[in-house]
Structure formats: structure tokens, C-alpha cells
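Here the structure comes first, spelled out in C-alpha cells, and everything after it is commentary.
Each ligand, and each atom within it, is numbered from 1 in the order the structure gives.
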Amino acid sequence: MTDKKTMIEERVNTGLRGQWYPVAKSVEIRKDHPYGTALLGEKIVLWRDETGAIKCIEDFCPHRGAPLSYGKIHDGNIGCRYHGVIVDGEGVVQRVPAMPECALEGRKALNHFETCEHFDAVFVYVPSVDQPDAPEFTLPKEFTDDAWAGFLCTAVWDCNYRYALDNLADPMHGCYLHAESFTLAFGSKQDLLELNKTEDGFRVSRLGQTGENFDWTEFEVHPGGMFCFLDIPYPKAAGPGGVFRIIGFVSPMGPLKTKVFFWRMRQVEGFAADSWRFLYRAKMEQTHWDVLEQDRVMLEGMPDDARKREMLYQHDLGVSRLRQILTRAAKKQIDSEEKASAE
Ligand code: FES
Ligand SMILES: [Fe+2]
């Protein structure tokens, strides 16, 4: 039997349940073609029915296990490419076209997942024993405020999601890893950090500088989801508006696969928003991809068990706090699962 500590560590590595995770851009989920992906190591498939509502079920054909995402959409349901079995958005077999009056018809065969759509992204809820139904999803406040405009950029990285989160909780890497970049090259290379509790999470900040570079990062931890945000001073030459705010969500796809979702936001309205969007696309987008590539290459290069040998120092306050939050939440989930299975 696996001991409790190992189970908790495994849960943290797989990803917490009871969370909303972004899985795709809204435009990627279509009425005419299924979208296959993975979340917490499980394959899922998404599509839209005739009304545009998003459906999400396990990517596994109830007949023999073929990926449904290789199939086709028929009248709002998904048809398997292998032998044609048709499954609806609740995971119920609707039709077995190859076999008249087949007993599989009408059977609930697959799990389905709740979904929602915000600011150009599709989110999927992964249920937990404590929260089988999705709790209200607390969004970043910029998503519901018209004063903010932005772009969503996503990427898949071949590393455990924890590295992507650790990286976001670590402002000091900015002036080293990204020292050559257009917006992150400023500021001193030595500092102390401080950690402060906030209403919904924590903020880790550099003591020696504010408003110069990637000086702080803040995590919000809510009952159904976690995200972070940080500000980067914006070069005047790149258009109107205030600071550049990055809002980050990290979705664990599998043990060594992570999808990162970064919204690049600015407070700009009306005409200024249009002109910023144009200038961003023309001048800034590539430089931000370059920065993300630096992060990707670094994180993918680290061994997956680096944690066993690392030697943290003062600057890793945010990393430690984040791990504590994940570990506590994982322990709570495992306790509840054990209790539920004993009942
Ligand atoms: S495996 Fe899907 S129909 Fe046979
Ligand atoms: Fe970075």
C-alpha cells in the first residue's frame, strides 16, 4: 500500500481535482470537428452542439476504446471513426449504426465534464469528492471589466505543470533568464524578496524595486481554481495604455505535459484599444513569444525530480508557499477520498 505522503505527492504531481482548468481557445472548439486534449492525465474530447453549447466527455469510445476525437460530429453528437458508434455530450450511447437494436444504445458509458467559456478560453471542471459539482468560478477581475483589453496566448510545454507554476512564483528569474529581452532587461540583479498574504492568496515581491520590471507576482487561490498575475512596465513606443498585465493559468495535461494560458492585458478603451491591438500584433507579439520560449526551454531542460536535490534560498519564498498550498489541498482531497471509500 502506498503511504500517505507518497499519495499526496502523487496528487500534487498529477494536479488538484475540484478545479476549473482552461483547456483550449474558444475558437478551437467547433461544431464541425472534435478537439482532443488531456487534463490530469485523462484524455478528453470537446465539441459544440448545434446551438454552440460546448460538450466535453472522455476521449474513449465505449465500444472498443478508440479515441472519439478522431471521429466526426453528427447532429450535435460525436461519432466514432472506427465502427461508427454515436455518443452524446453526456456520454450516453445514442446509436450503434452497424448493429440494429444493439443493447449498448441508451447506456451511459462515459463521464462528462462541465465547461464554461471566458475571455476567449474554454474551461473544464474536474470534479473532486468534496466538490462533485463545479463551485462558482472566481475569474480574474480584468475578465469582467470593460476597461481591460487583451490577447490570449497558449502553449504546450513538455514538463510537469508544477515547473510552470514555480516559474510564475519566481520574479527573480526575469532579470537573468530574460535579460536579453525587450521588456524584461531592466532592474538590478540582486535583491531580497518578501511574501505577503493577500485576501485570496499571496504576493511575492522584490524589496529593492517596484515598477521597473517583473517585480512581483500574485497568486489567487479560490475554491474552484487558481491563477496568478503580474505586471510588466510597457514601452511607450508600443502603444497607448498603462502597464502590461499578464494573467496566467496553468493546466496539467499529463505527468510531463502542461498547457499554459497567458492573457496579456492592458487598460485601454475605444480607439486606443484598437490601436494598441494593432501595435501589439505588429511590434510586440514576437518578443513575448521569445520570452515564453526562454521559459519553456529552461523548464523542459530541468529533470522532473529536481525537487529532490534542489537547494532553495531566500528568493524561493513564493515557490515554497505555492508548494505548501498545493500539498495542503492535495492532502485534504486524499483524506476526503479515503473517508468516502471507507463509508
Ligand atoms: S471502437 Fe468506436 S465504434 Fe468501435
Ligand atoms: Fe519567465
Side-chain angles (χ1 to χ4, degrees), residues 34 36 43-45 47 57-74 77-88 91-100 102-107 109-110 153-155 157 159 161-187 189 193 204 206 212-219 228-233 244-250 258 260-264 284 286-302 315-316 318-319 322:
K43 288 170 74 183
I44 55 174
V45 57
W47 73 96
I57 59 176
E58 296 170 81
D59 192 8
F60 179 94
C61 176
H63 174 219
R64 295 239 317 274
L68 289 171
S69 57
Y70 293 4
K72 279 207 174 92
I73 310 301
H74 300 276
N77 298 322
I78 191 164
C80 180
R81 190 180 170 106
Y82 209 1
H83 317 94
V85 164
I86 293 177
V87 183
D88 70 15
V92 176
V93 178
Q94 286 297 328
R95 243 160 53 76
V96 181
M99 169 83 195
C102 176
L104 287 183
E105 289 180 358
R107 288 262 291 276
L110 304 172
C153 129
T154 67
W157 291 349
C159 64
Y161 80 99
R162 300 181 62 179
Y163 283 175
L165 280 183
D166 284 351
N167 187 56
L168 285 161
D170 162 29
M172 279 310 283
H173 84 268
C175 62
Y176 284 89
L177 180 62
H178 308 307
E180 309 297 316
S181 86
F182 185 40
T183 45
L184 289 163
F186 314 102
K189 288 195 179 327
L193 270 75
V204 53
R206 292 181 57 151
E212 250 185 278
N213 194 329
F214 173 17
D215 304 317
W216 55 265
T217 177
E218 187 164 327
F219 277 75
C228 73
F229 57 98
L230 53 102
D231 284 349
I232 294 173
F244 194 40
R245 173 158 296 177
I246 314 268
I247 296 173
F249 278 77
V250 170
T258 298
V260 291
F261 288 74
F262 293 117
W263 279 265
R264 292 143 176 202
M284 295 293 291
Q286 191 53 47
T287 69
H288 283 101
W289 274 113
D290 295 345
V291 168
L292 274 185
E293 271 300 283
Q294 292 166 346
D295 288 310
R296 180 187 68 77
V297 169
M298 184 55 68
L299 302 181
E300 289 183 357
M302 290 164 64
H315 292 175
D316 301 308
V319 170
L322 191 58

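Here atom 4 (Fe) of ligand 1 has protein N, O or S atoms under 2.8 Å from it, and they come to 2.
Remark: the backbone N or O of Trp157 is not paired with any side-chain donor or acceptor of Glu300 at under 3.5 angstrom. A distance-only check finds no donor-acceptor pair linking the side chain of Asp316 to the backbone of Val319 [under 3.5 Å].
For an aromatic pair to be called close, the ring centres must be under 6.0 Å apart, and Phe249 with Trp263 satisfies this.
Using the six-membered ring where Trp is involved, His173 and His178 have ring planes that are perpendicular, over 60° apart on the 30 and 60° scheme.
Take the N/O/S atoms of Asp295: the one nearest the Fe ion (ligand 2) is OD1.
Evaluation of the ring-ring contact (aromatic ring centres under 6.0 Å, His included) rule for His63 yields His83 as partners, not counting sequence neighbours.
The cationic group of Lys189 lies under 6.0 Å from the six-membered ring centre of Tyr176 and within 45° of the ring axis, placing it in a cation-pi geometry.
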